[in-house]
Structures are given as C-alpha cells and as structure tokens.
Colleague: 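Would you mind keeping the following structure in view while I ask a few things?
Please read all numbers here as calculations on a predicted model, not as lab measurements. We're numbering straight along the sequence, starting at 1.
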Amino acid sequence: MLTFIDESGYPRPTDSTNNPVLLGVCIHENDIKPITNQIYKLKTSIYGKQDEIKSTKLIREATITKNRTNNKAYVEGMVDIITSYDTAIFAVIMDKPDTVIIVPEHHLPKQYYLLLKKVEFYCGHHHYGKAMMIFDEVHEEADRTLAEAITGFLFKTNFGRSFHHILEMPLFVSSAVTPAMQFADIFAGIIRHYYERELDHKLPENEFEHWLEKLFKKLYLLTENNLIPDSHFIEYGFQKMGKNFTYPTTKSFADFSNSK
C-alpha cells in the first residue's frame with residue numbers, strides 16, 4: 001500500500017488559511033501504473049504538455065466564475081480516476097491556531113500522528129501489509145525533521161511501537177514528477193475549501209460552493225471510520241482536530257486512543 005500525503009495550508013497564526021488540512025491517499029501498488037497512465041492521458045487531453053498544476057490554481061472561485069473549463073475538467077477528472085479504484089482517503093482538518101505551535105524536538109506533530117493512526121487502522125482492518133508513507137517534498141531540512149519525528153515516534157514511543165502497518169522509512173518526492181502525489185494536493189485543497197466555506201453545516205450558496213460539495217461527497221465516500229480494537233472509540237476517516245495541537249507522549253496505546 002502506498003499512501004501519498006500532502007497538506008493544504010499550514011497551522012500557523014500568520015497563514016491565510018483558516019482550516020489547514022493534512023490528507024493521505026492510499027493506493028495499492030498494482031494500481032499505480034494504470035492510474036499514472038490515466039493521469040497522463042487526462043493532463044495531455046486537457047492541457048497538452050505542461051508542468052504540474054497546483055491545487056491553489058485549481059480549487060478557487062475563478063475556476064467556476066471565470067469559466068476556467070480546463071481546470072474544472074482536470075479536477076473532476078482526477079476525482080473520477082481515484083473513485084474508479086479500490087482506494088481510501090483520510091484527512092485531518094485543523095483550525096488556524098491563535099499562537100505559534102511549539103513542537104518539541106524529534107516529536108511528531110499531532111496532525112501527522114492522527115493521519116498515521118488512520119492508515120494503521122485501515123491497513124489492519126483489511127489485513128494489508130505495510131503502508132509506505134510518501135510525502136510531497138518541501139526542502140531538505142524540513143523533510144529530514146519530519147522523517148526523524150516519524151521514525152522516532154514509531155521506534156521510541158509505546159504507542160508508535162504498537163503500529164505494525166506503517167513502513168518505518170518515509171519517502172519524500174516531488175509532486176511535479178510523481179503524478180499520484182497530485183491527488184493528495186488537489187484533494188486536500190477541495191476539503192480545505194469545503195470546511196472554510198462551512199459547508200459541513202450549511203447549504204451551498206453559489207455555484208462554486210455547489211461544485212465543492214459535489215467533489216467533497218465523492219471523496220468522502222472513499223474514507224473509512226474504524227472502531228479501535230479493544231475500545232469503544234471510533235477513528236473517523238475525516239477528523240476535525242480544532243486547535244488542540246498537543247497530546248501526551250507517554251500514555252499507553254489504550255489510554256491514548258481514548259483521547260483527542
């Protein structure tokens with residue numbers, strides 16, 4: 001299992017986004033070749049030969065109001081591709097923090113732990129083997145810090161050591177040359193805008209919001225809620241984390257699983 005992970009927005013007070021999202025798309029290894037081929041054909045048919053198009057240029061009102069039909073077709077095509085395969089999507093939706101988040105050295109930020117936990121339970125529930133976590137590269141220092149935090153969590157914490165389905169070697173790749181990574185980028189953008197428009201508890205008010213709702217519903221069908229073993233706690237596939245970016249690192253798996 002390959003899990004492509006990207007974020008839309010950043011959880012910091014100065015960021016322009018109100019609901020940053022961390023998202024993972026789980027794809028079976030045997031499906032990568034046909035999926036990549038479909039992405040290539042889709043992009044060529046719409047744009048011709050062109051570099052990666054980021055979600056910030058795709059998931060915006062101009063795509064609808066200014067008749068950007070190519071961008072609209074590409075986003076919808078990417079959603080249709082992923083929904084035609086046996087895939088899964090998990091997301092952590094955050095609120096913009098009021099203060100700068102201080103993450104202790106070598107500690108895994110909470111949103112990443114929550115996403116890894118969802119993939120762990122998903123693979124365990126379906127009796128899959130290891131899931132390789134593949135991240136969109138940022139820069140060497142940031143990527144190394146995250147890699148060290150993930151391996152430290154998996155090897156040095158009681159909770160992390162209870163994970164059996166996360167490969168202990170995260171990869172960092174360029175989304176410009178890894179087509180499947182573009183799923184995570186685009187889908188994280190869709191989900192962020194959906195929640196920033198508060199469409200989780202109000203009806204769409206314009207054409208753009210109707211489009212977001214349509215896309216979101218298709219993606220939501222690919223997520224999965226899991227009951228944590230030996231507990232009554234449900235691990236939601238799409239989780240609203242709010243502004244609580246701290247968590248204990250010394251509790252047992254059972255204790256930890258019952259806290260948010």
Colleague: Does atom CD (Glu29) have a neighbourhood of more than 12 heavy atoms from anything else shown, all under 6.0 Å?
Modeller: yes

Colleague: Are the aromatic rings of His126 and Tyr122 close, with centres under 6.0 Å apart?
Modeller: yes

Colleague: Can you measure from CD (Glu120) to CD1 (Ile166) and round to the nearest 0.5 angstrom?
Modeller: 5.5 Å

Colleague: If you measure from OG1 on Thr145 to NE2 on His139, what distance do you get to the nearest 0.5 Å?
Modeller: 8.0 Å

Colleague: Is it true that atom CG of Leu221 has more than 12 heavy atoms of other residues, nucleotides or ligands lying nearer than 6.0 Å?
Modeller: yes

Colleague: Please name the residue in the list Ile64, Leu58, Ile46 that meets the side chain to side chain contact (heavy atoms under 4.5 Å, CB included) test with Lys72.
Modeller: Ile64

Colleague: Mark yes or no for whether Thr157, through its side chain, and Gly160, through its backbone, hold a donor-acceptor pair below 3.5 Å.
Modeller: yes

Colleague: Could you tell me the separation between the CG atom of Leu23 and the OG1 atom of Thr3, rounded to the nearest 0.5 Å?
Modeller: 10.5 Å

Colleague: With rounding to the nearest 0.5 Å, note down the distance linking CZ in Phe238 to OG1 in Thr223.
Modeller: 5.0 Å

Colleague: When you check the gap from the basic side-chain N to the acidic O, do Glu7 and Arg192 get nearer than 4.0 Å?
Modeller: no

Colleague: Start with the C-alpha gap between Asn19 and Asp95, add the side-chain angles, then the distance that decides, and say whether side-chain hydrogen bond (donor to acceptor under 3.5 Å, both in side chains) holds.
Modeller: CA-CA 5 Å; Asn19 291 110; Asp95 289 342; 2.8 Å; yes

Colleague: Do the ring centers of Phe153 and Phe163 come within less than 6.0 Å of each other?
Modeller: yes

Colleague: Whether Glu209 and Lys202 form a salt bridge (side-chain N of Lys/Arg under 4.0 Å from carboxylate O of Asp/Glu) is what I want to check.
Modeller: yes

Colleague: How about Phe135 and Phe4: are their ring centroids closer than 6.0 Å?
Modeller: no

Colleague: Counting the benzene-type ring for Trp, do Tyr195 and Phe216 have ring centres under 6.0 Å apart?
Modeller: yes

Colleague: Less than 6.0 Å separating the ring centroids of Tyr74 and Tyr47?
Modeller: yes

Colleague: Measure up the Trp211 and Phe208 rings against each other and bin them: parallel (under 30°), tilted (30 to 60°), perpendicular (over 60°).
Modeller: tilted

Colleague: NZ of Lys243 to OG1 of Thr99: how many Å apart, nearest 0.5 Å?
Modeller: 9.0 Å

Colleague: CE/Met133 to SG/Cys26 distance, rounded to the nearest 0.5 angstrom?
Modeller: 7.0 Å

Colleague: The test is salt bridge (Lys or Arg N to Asp or Glu O under 4.0 Å); show your working for Glu61 and Arg197 and say whether it passes.
Modeller: CA-CA 12 Å; Glu61 283 198 78; Arg197 294 275 177 156; 2.8 Å; yes

Colleague: Do Lys130 and Glu168 pass the salt bridge (Lys or Arg N to Asp or Glu O under 4.0 Å) test, and can you show the C-alpha distance, the side-chain angles, and the key distance before you say yes or no?
Modeller: CA-CA 9 Å; Lys130 294 277 190 176; Glu168 300 84 357; 3.0 Å; yes

Colleague: Taking the six-membered ring for Trp and the single ring otherwise, decide whether the centroids of Tyr128 and His28 are under 6.0 Å apart.
Modeller: yes

Colleague: For side-chain hydrogen bond (donor to acceptor under 3.5 Å, both in side chains), just list the numbers for Tyr236 and Glu224, CA-CA rounded to whole Å, side-chain angles, deciding distance to a tenth of an Å, and then say yes or no.
Modeller: CA-CA 7 Å; Tyr236 290 100; Glu224 184 174 293; over 6 Å; no

